[in-house]
Amino acid sequence: MTYIPLQVSPLFHEILDRLEHSTDNLFITGRAGTGKSTLLRLFAASTRKKTVIVAPTGVAALQAGGQTIHSFFGFPPHLFGQNEVKKSRYAKLYQRIDVLVIDEISMVRADLLDRIDLCLRINRGNQQPFGGVQVVFFGDLFQLPPVVTRDEVGILQSWGYETPYFFSAGVLRWPFAWQKIELQEVYRQQEKRFLRLLEDIRTNEADEDTLAELNERVDPEAQPGSFSLILAARNYKVDMINQGYLDALPGPELVYSASITGKFNASVYPTDALLRLRHGAQVMFIRNDPEGAFVNGTLGVITSLSSDHVTVALPREGQEPKELTVNRISWEIIRYGLPPDQQGALLREVVGTFEQLPLRLAWAVTIHKSQGQTFDKVILDLSGGLFEHGQLYVALSRCRTLEGISLRQEIRPQDIRVDMRVVDFYLEK
């Protein structure tokens, strides 16, 4: 995701000022590429409030620089009732919070939001919603939905939830004031026609003309390489493609082993713990460089390998690729805590680290893992169909331009999976 300077959007100034100088509860949303993640990072870096950032998954928490919801609140990993929410040994920590930020709110189920509310009310001794804490939700409900099993659907319905989405939570039906702020300016794409096509897909308004225009991009023989990649729905297909292209390269293969300390669950490793690379391998950066040499999603090609670093050629428009030396960097799993004197800012304790080259093989990437990234050329492989709401929209919106998209197969009407309950919520709120 590209960093967006503050001066680009006066709205960012207004939102940051409102977050800092009010107790307003906000839902900050917007289409892909509108800068939600950037705004969250800016607030986290600048606020003086005692702020906790949580997310529904380990991967999302790692990207947001926060803690998972279940870890922070001590919740069990399964569906659980309100009678299981008790006074916590971390009550003093919860009592110190000024602002609770929940990122990727689209994946947070309604019942889980109600459990967060109850936990804060019990442990803060305050019967206001969320125990009086200012809450800020970030996310786009047209993208990744909550994960709900068939058995859980029936349980949630028996508990009175109209939908699994966060907006069906009981706490939001209290006398609880909250406002939706929708970021409108898209920084990723600039073409008006492409933006209109994406919005039609996002809101389930695509007609035959929309599909016909997109399907003009069909090229069954399209191949990755030259700084383009395949986006596919399933992990096994992506792994098969990447391994096949890697095996086809001549020369020796070097294996880079990650250094892992503390509590760092394998399910949230940002890249392979054993990263296999060869000269000529196409790779993708999975972190932003503070110096701006690359961002999360930048594609490159390995031009040399040594025992502790690699050299990657990066594309430059109208020029020869630029070579960059890439060293290992570290990701951290953090846990919020109180300082010894229980005064001042909340502590962010590092409980686990993962040190590795910030790269992933990238002839192909799953649509899920492409979330938040931007590419100049993508090839969509929709074989096997799509299985989640918003998946096609996420895939198409990764690309800067319509001309940068190739399709291995035609997009069918059934590939456009949009939950109309989400559409209705956006129209009403």
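Note that these values count all heavy atoms, side chains included, but never hydrogens, waters or copies made by symmetry. As the structure is a computational prediction, the values presented were derived from the model and not from experiment.
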| Test log, rule side chain to side chain contact (heavy atoms under 4.5 Å, CB included), inputs L79 and L156 | CA-CA 9 Å; L79 197 70; L156 291 176; 4.2 Å; yes
| request: Apply side chain to side chain donor-acceptor pair (under 3.5 Å) to the pair D239 and Q243, showing each step before the final yes or no. | output: CA-CA 6 Å; D239 292 342; Q243 191 60 51; over 6 Å; no
Crowded around [X] [atom1]? As in, over 12 foreign heavy atoms under 6.0 Å?
{"X": "R193", "atom1": "CZ", "answer": "yes"}
{"X": "H70", "atom1": "NE2", "answer": "yes"}
{"X": "Q82", "atom1": "CD", "answer": "no"}
{"X": "R89", "atom1": "CZ", "answer": "no"}
{"X": "E84", "atom1": "CD", "answer": "yes"}
{"X": "K180", "atom1": "NZ", "answer": "yes"}

| task | Apply ring pair (Phe, Tyr, Trp, His ring centres under 6.0 Å) to the pair F425 and Y165, showing each step before the final yes or no. | result | CA-CA 10 Å; F425 165 74; Y165 294 98; 8.8 Å; no
Using a 4.5 Å cut-off on heavy atoms from C-beta on, say whether the side chain of [Y] contacts that of [X].
{"X": "L359", "Y": "F285", "result": "yes"}
{"X": "T51", "Y": "F43", "result": "yes"}
{"X": "Q371", "Y": "S37", "result": "no"}
{"X": "I367", "Y": "L386", "result": "yes"}
{"X": "K263", "Y": "I333", "result": "no"}
{"X": "L274", "Y": "S257", "result": "yes"}
{"X": "V326", "Y": "P358", "result": "yes"}
{"X": "L299", "Y": "P315", "result": "no"}

Test your reading of the model: is there a side-chain donor-acceptor pair from [X] to the backbone of [Y], 3.5 Å cut-off?
{"X": "R124", "Y": "G131", "value": "yes"}
{"X": "R96", "Y": "K92", "value": "no"}
{"X": "Q282", "Y": "F227", "value": "yes"}
{"X": "T34", "Y": "R31", "value": "yes"}
{"X": "E20", "Y": "R48", "value": "yes"}
{"X": "D415", "Y": "G385", "value": "no"}
{"X": "Q356", "Y": "Y256", "value": "yes"}
{"X": "R360", "Y": "P270", "value": "yes"}
{"X": "N242", "Y": "W363", "value": "yes"}
{"X": "Q179", "Y": "D24", "value": "no"}

How many angstroms lie between atom [atom1] of [X] and atom [atom2] of [Y], to the nearest 0.5 angstrom?
{"X": "T210", "Y": "D200", "atom1": "OG1", "atom2": "CG", "value": "4.0 Å"}
{"X": "L39", "Y": "I28", "atom1": "CG", "atom2": "CD1", "value": "5.0 Å"}
{"X": "T68", "Y": "I334", "atom1": "OG1", "atom2": "CD1", "value": "10.0 Å"}
{"X": "Q95", "Y": "L338", "atom1": "CD", "atom2": "CG", "value": "9.0 Å"}
{"X": "Q223", "Y": "R408", "atom1": "CD", "atom2": "CZ", "value": "5.0 Å"}
{"X": "D219", "Y": "I405", "atom1": "CG", "atom2": "CD1", "value": "13.5 Å"}

| said: Would R115 and W159 count as a cation-pi pair here, with the cationic atom under 6.0 angstrom from the ring centre and within 45° of the axis? | reply: yes
| message | For F142 and Y426: C-alpha separation, side-chain torsions, deciding distance, then whether ring pair (Phe, Tyr, Trp, His ring centres under 6.0 Å) applies. | response | CA-CA 10 Å; F142 288 103; Y426 271 83; 4.9 Å; yes
| task | Using a strict 4.0 Å threshold on nitrogen-to-oxygen distance, state whether E355 and R328 make a salt bridge. | result | no
| message | If the threshold is 4.0 Å, N to carboxylate O, is there a salt bridge linking R202 and E199? | response | yes
| message | Under the side-chain contact (heavy atoms from CB on, under 4.5 Å) test against L141, which residue among V423, V422, T29 passes? | response | V422
Closest approach of [X] and [Y], non-hydrogen atoms and distance?
{"X": "L183", "Y": "G35", "value": "CD1-C, 4.1 Å"}
{"X": "L407", "Y": "L214", "value": "CD1-O, 3.3 Å"}
{"X": "C399", "Y": "D376", "value": "SG-O, 3.4 Å"}
{"X": "A232", "Y": "V238", "value": "CB-CG2, 4.0 Å"}
{"X": "P164", "Y": "V148", "value": "CB-CG2, 3.6 Å"}
{"X": "R109", "Y": "P146", "value": "CG-CB, 3.7 Å"}

Between [X] and [Y], does any side-chain donor sit less than 3.5 Å from a side-chain acceptor?
{"X": "T303", "Y": "E323", "value": "yes"}
{"X": "S383", "Y": "D381", "value": "yes"}
{"X": "S330", "Y": "T353", "value": "no"}

| query | Between L211 and I416, is a side chain to side chain contact (heavy atoms under 4.5 Å, CB included) present by the stated rule, with each step listed? | reply | CA-CA 10 Å; L211 290 181; I416 306 172; 3.8 Å; yes
| Full working for side chain to side chain donor-acceptor pair (under 3.5 Å) between D151 and T149 | CA-CA 5 Å; D151 291 340; T149 67; 5.3 Å; no
| message | side chain to side chain contact (heavy atoms under 4.5 Å, CB included) for I181 and E14? Distances and angles first, verdict last. | response | CA-CA 11 Å; I181 296 179; E14 295 175 18; over 6 Å; no
| Step-by-step side chain to side chain contact (heavy atoms under 4.5 Å, CB included) determination, I201 to L197 | CA-CA 6 Å; I201 296 293; L197 291 172; 5.7 Å; no
| field | Parallel, tilted or perpendicular: rings of H78 and F80 (30°, 60°) | value | perpendicular
| request: Quick one: sort the F166 and W178 rings into parallel, tilted or perpendicular, breaks at 30° and 60°. | output: perpendicular
| field | Check: Y90 ring centroid to F72 ring centroid under 6.0 Å | value | no
